[in-house]
Amino acid sequence: KYLGRRPESFVYEGKTFTPKSFAETLGLNLDDYVSLTSFTPHPFNKWFVIEAPYKWRLKPSYNIPVEQLMEVLDKALDAGYTVAWGGDVSGNFTRTGLAMLPDSIVPTQQMRQEQWDDWRMTYDHVMVIYGKATDEQGKPYYLVKNSWGKSGQYKGVWYMSRDYIMLNTTYLFLNRDALPEALRKATSLPTGTTAAETQPDLDDKYATELIKAGTAAPDFKMKTPDGKGFQFSKWAKGKTVVLDFWASWCPDCRKEAPE
């Protein structure tokens with residue numbers, strides 16, 4: 001459903017702001033913050049843009065092993081930092097205030113990747129992790145503030161088990177000062193540069209390096225809406241083809257079809 005154009009301004013606590021002017025009142029330097037993730041198709045200790053349909057802002061995240069990701073989360077909370085969490089709230093995420101896995105599921109790096117690849121895990125929500133808790137059996141949980149007002153059994157707070165977070169996290173977003181020293185150095189920006197300069201959108205690379213005149217189009221196979229097989233190379237042989245890949249979450253695609 002088309003919701004209309006975004007508002008140019010809004011009122012908060014009796015004052016009118018634009019998105020930009022409101023951000024300026026917060027006093028935050030967003031270059032002090034870093035996005036961390038953990039997926040195996042990309043090398044660890046490198047930046048990459050997470051391939052997620054709901055991720056409209058195509059900025060890179062720093063890729064580390066999931067055990068290290070969880071260690072960073074624990075140490076940041078222990079040091080008094082809050083952490084923005086982006087991940088999956090389907091499946092074992094209840095609407096009452098609990099998110100936990102069955103005892104038979106033990107998360108691994110491979111399991112995370114398999115669920116991401118087959119769409120059992122998606123990136124569909126963002127919340128704030130602000131603390132830890134344990135239940136009567138000693139099972140560890142994180143205290144997570146949802147954006148659904150005071151809904152749920154705990155008035156807007158969700159208890160999300162550590163294994164749930166480990167399996168269903170798409171990324172963590174936190175202040176670099178909360179990171180261990182080695183990771184803080186690895187993700188720091190060179191003096192005098194901006195995040196945009198050191199972490200460019202991949203659109204630029206695609207346009208200048210990967211799509212050059214004379215480059216053969218990658219072949220692919222798929223099923224048509226009526227269930228028939230389709231192979232691009234066979235269909236396009238001997239033809240001049242203009243092929244447009246688009247998706248509802250793609251900013252440039254939405255410009256082409258605003259309605």
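Predicted model, so just to flag it, every value in this text is computed and none were measured. In what follows, every heavy atom counts, from backbone to side chain, and hydrogens, waters and symmetry copies are set aside.
Using the six-membered ring where Trp is involved, Phe230 and Trp235 have ring planes that are tilted, between 30° and 60° apart.
Here the side chains of His42 and Trp47 are not in contact, with every heavy-atom distance at 4.5 Å or above. Within the 4.5 Å cutoff, the side chain of Lys59 has no heavy atoms near those of the Val49 side chain. Using a 4.5 Å heavy-atom cutoff, the side chains of Tyr130 and Val157 are in contact. A heavy-atom distance below 4.5 Å is not found between the side chains of Glu71 and Glu67. Contact annotation: the side chain of Tyr159 never approaches that of Asp135 to less than 4.5 Å [non-hydrogen atoms, C-beta and beyond]. Looking at heavy atoms from C-beta onward, Tyr142 lies out of side-chain contact with Ser161 at the 4.5 angstrom threshold.
For the residue pair Gln113/Gln109, the side-chain donor-acceptor check at 3.5 Å is not satisfied. Using modelled atom types and a 3.5 Å distance limit, the side chains of Gln231 and Ser233 yield a donor-acceptor pair. In summary, the side chains of Ser61 and Thr37 do not present any donor paired with an acceptor at a separation below 3.5 Å, with no hydrogens or angles considered.
For Ala186, the side chain to side chain contact (heavy atoms under 4.5 Å, CB included) partners at least two apart in sequence or on another chain are Tyr62. Legend: residues meeting side chain to side chain contact (heavy atoms under 4.5 Å, CB included) with Tyr12, ordered by chain and number and at least two apart, are Phe10, Phe17, Phe22. Residues passing the salt bridge (Lys or Arg N to Asp or Glu O under 4.0 Å) test with Arg162 are Asp74, sequence neighbours excluded.
Interatomic distance, Thr108 OG1 to Asp163 CG, rounded to the nearest 0.5 Å: 12.0 Å. Note that the OG atom of Ser35 and the CD1 atom of Ile50 stand 5.0 Å from one another [nearest 0.5 Å]. Distance check, rounded to the nearest 0.5 Å: CE of Met121 to CG of Leu167 gives 7.0 Å. Distance check, rounded to the nearest 0.5 Å: CE of Met160 to CG of Leu101 gives 10.0 Å.
Without hydrogens or angle criteria, Arg184 side chain to Leu179 main chain gives a donor-acceptor distance under 3.5 Å. In this structure a side-chain-to-backbone donor-acceptor pair under 3.5 Å is missing from Arg120 to Gly91. No side-chain donor-acceptor contact under 3.5 Å links Asn175 to the backbone of Tyr81. Of the possible donor and acceptor atoms, one in the side chain of Arg112 sits under 3.5 Å from a partner among the backbone N and O of Thr169. Judged purely by atom type and a 3.5 angstrom limit, Asp124 uses its side chain to pair as donor or acceptor with the backbone of Val89.
Contact check on Lys234 versus Asp219 returns no salt bridge, with no Lys/Arg side-chain nitrogen under 4.0 Å from an Asp/Glu carboxylate oxygen.
Between Trp158 and Phe93, the distance from one ring center to the other falls under 6.0 angstrom. Aromatic pair Tyr171/Tyr123: centroids less than 6.0 angstrom apart.
Tracing side-chain contacts under 4.5 Å through hydrophobic residues (I, L, V, M, F, W, Y), one reaches Trp85 starting from Met70; they form part of the same cluster. Leu26 and Val11 are assigned to two separate hydrophobic clusters, defined by single-linkage of ILVMFWY side chains at heavy-atom distances under 4.5 Å. Under the 4.5 Å side-chain heavy-atom criterion for grouping Ile, Leu, Val, Met, Phe, Trp and Tyr, Tyr141 is not connected to Val72 through any hydrophobic cluster. By the rule that hydrophobic residues join a cluster once side-chain heavy atoms approach within less than 4.5 Å of another member, Val126 and Tyr33 end up as members of one cluster.
Under the side chain to side chain donor-acceptor pair (under 3.5 Å) test applied with His125, the options Thr170, Asn146, Asn168, Asp88 reduce to a single match, Asn146. The only member of Leu183, Leu73, Val83, Asn63 that meets side chain to side chain contact (heavy atoms under 4.5 Å, CB included) when paired with Leu36 is Leu183.
Counting all heavy atoms, side chain and backbone alike, Ala133 lies closest to Leu143 at CB-CD2, 4.3 Å.
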